[in-house]
A.B. asks: 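One structure coming up, written as structure tokens, with questions to follow.
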Amino acid sequence: MVYLIGFMGSGKSTVGSLAAKMGGVPFLDTDRIIEKEQEKTVADIFQEKGEAHFRELETQVLKQLSEKKKGIVSCGGGIVLKEENIRIMKESGFLICLKAAPATILERVRYSTGRPKLNGHMNLEYISAMMDERQPFYDRAKAIVLETDTKSVRELAKEILKFL
């Protein structure tokens, strides 16, 4: 199992889905799984039950996914905030962190309304600060880092397939 981690807008879903298609393996997205199971959007879960509840749902999904043998998983941007999640991913697969510059992230998510941590804060300063705050968690995951700013989706997908 390959787990794609990284800040929201770094390209996990876009690159991961292409890599899975190219590699003939399942593509799984933790946020979409949670939304399907809860019959609510991530934004609605955050609003109604809070971030701590959402993080628990992520852990439950990771436990389910860790039993699968092969696939590419796009993880929510904050999944690394819980040490237990990092442990589950490391024990059951390989971690790749997709990384982009704050300006790239802003350009990619600027018109998105489904990112509860950014709603009302779609600006470079906030994104930069949030990325800085989360960086130690990504570092602690000790994942392979792929920069997504200058490479095409196809190039990145091919790099991910090397680790499948």
A.B. asks: Under 4.0 Å between a side-chain nitrogen and a carboxylate oxygen: does that hold for E147 and K151?
C.D. replies: no
A.B. asks: What heavy-atom pair brings M1 and V73 nearest, and what distance separates the two atoms?
C.D. replies: SD-CG2, 3.5 Å
A.B. asks: Under the side-chain contact (heavy atoms from CB on, under 4.5 Å) test against I88, which residue among V61, L62, L65 passes?
C.D. replies: L62
A.B. asks: If hydrophobic clusters are built from ILVMFWY residues whose side chains come within less than 4.5 Å, do L124 and I105 share one?
C.D. replies: yes
A.B. asks: Do other residues, nucleotides or ligands put more than 12 heavy atoms under 6.0 Å from the CD atom of E91?
C.D. replies: yes
A.B. asks: Hydrogens and angles aside, do R108 and T148 bring a side-chain donor and acceptor to less than 3.5 Å of each other?
C.D. replies: yes
A.B. asks: Taking A141's backbone N and O only, do any of them form a donor-acceptor pair with K90's side chain (distance below 3.5 Å, no angle check)?
C.D. replies: yes
A.B. asks: Is any side-chain heavy atom of P102 less than 4.5 Å from a side-chain heavy atom of F7?
C.D. replies: no
A.B. asks: So, are K82 and E58 salt-bridged, with charged N and O less than 4.0 Å apart?
C.D. replies: no
A.B. asks: Does L4 belong to the same Ile/Leu/Val/Met/Phe/Trp/Tyr cluster as F163, with side-chain heavy atoms less than 4.5 Å apart forming each link?
C.D. replies: yes
A.B. asks: Between G23 and L161, which heavy-atom pair has the shortest distance, and what is it?
C.D. replies: CA-CD2, 3.7 Å
A.B. asks: Is a salt bridge present between R87 and E83, judged by a nitrogen-to-oxygen distance below 4.0 Å?
C.D. replies: no
A.B. asks: Does NZ in K68 sit with more than 12 non-hydrogen atoms of other residues, nucleotides or ligands closer than 6.0 Å?
C.D. replies: no
A.B. asks: Regarding E84 and K63, does a basic nitrogen lie under 4.0 Å from an acidic carboxylate oxygen?
C.D. replies: yes
A.B. asks: Do I160 and I144 sit in one hydrophobic cluster, given that two such residues count as connected whenever their side-chain heavy atoms are within less than 4.5 Å of each other, even indirectly?
C.D. replies: yes
A.B. asks: Is there a side-chain contact between R134 and V80 (heavy atoms, below 4.5 Å)?
C.D. replies: no
A.B. asks: Out of curiosity, Q135 CD to D132 CG, how far, rounded to the nearest 0.5 Å?
C.D. replies: 8.0 Å
A.B. asks: Does Q47 reach the side chain of D44, with side-chain heavy atoms less than 4.5 Å apart?
C.D. replies: yes
A.B. asks: Is it the case that the side chain of K70 and the backbone of V25 share a donor-acceptor pair, with hydrogens and angles ignored and the cut-off at 3.5 Å?
C.D. replies: no
A.B. asks: Under 30°, 30 to 60°, or over 60°: which ring-plane class applies to F54 and F46, parallel, tilted or perpendicular?
C.D. replies: tilted
A.B. asks: Is R32 salt-bridged to E35, cutoff N-O under 4.0 Å?
C.D. replies: yes
A.B. asks: Indicate the atoms forming the closest heavy-atom contact of A20 with F27, along with that distance.
C.D. replies: CB-CB, 3.5 Å
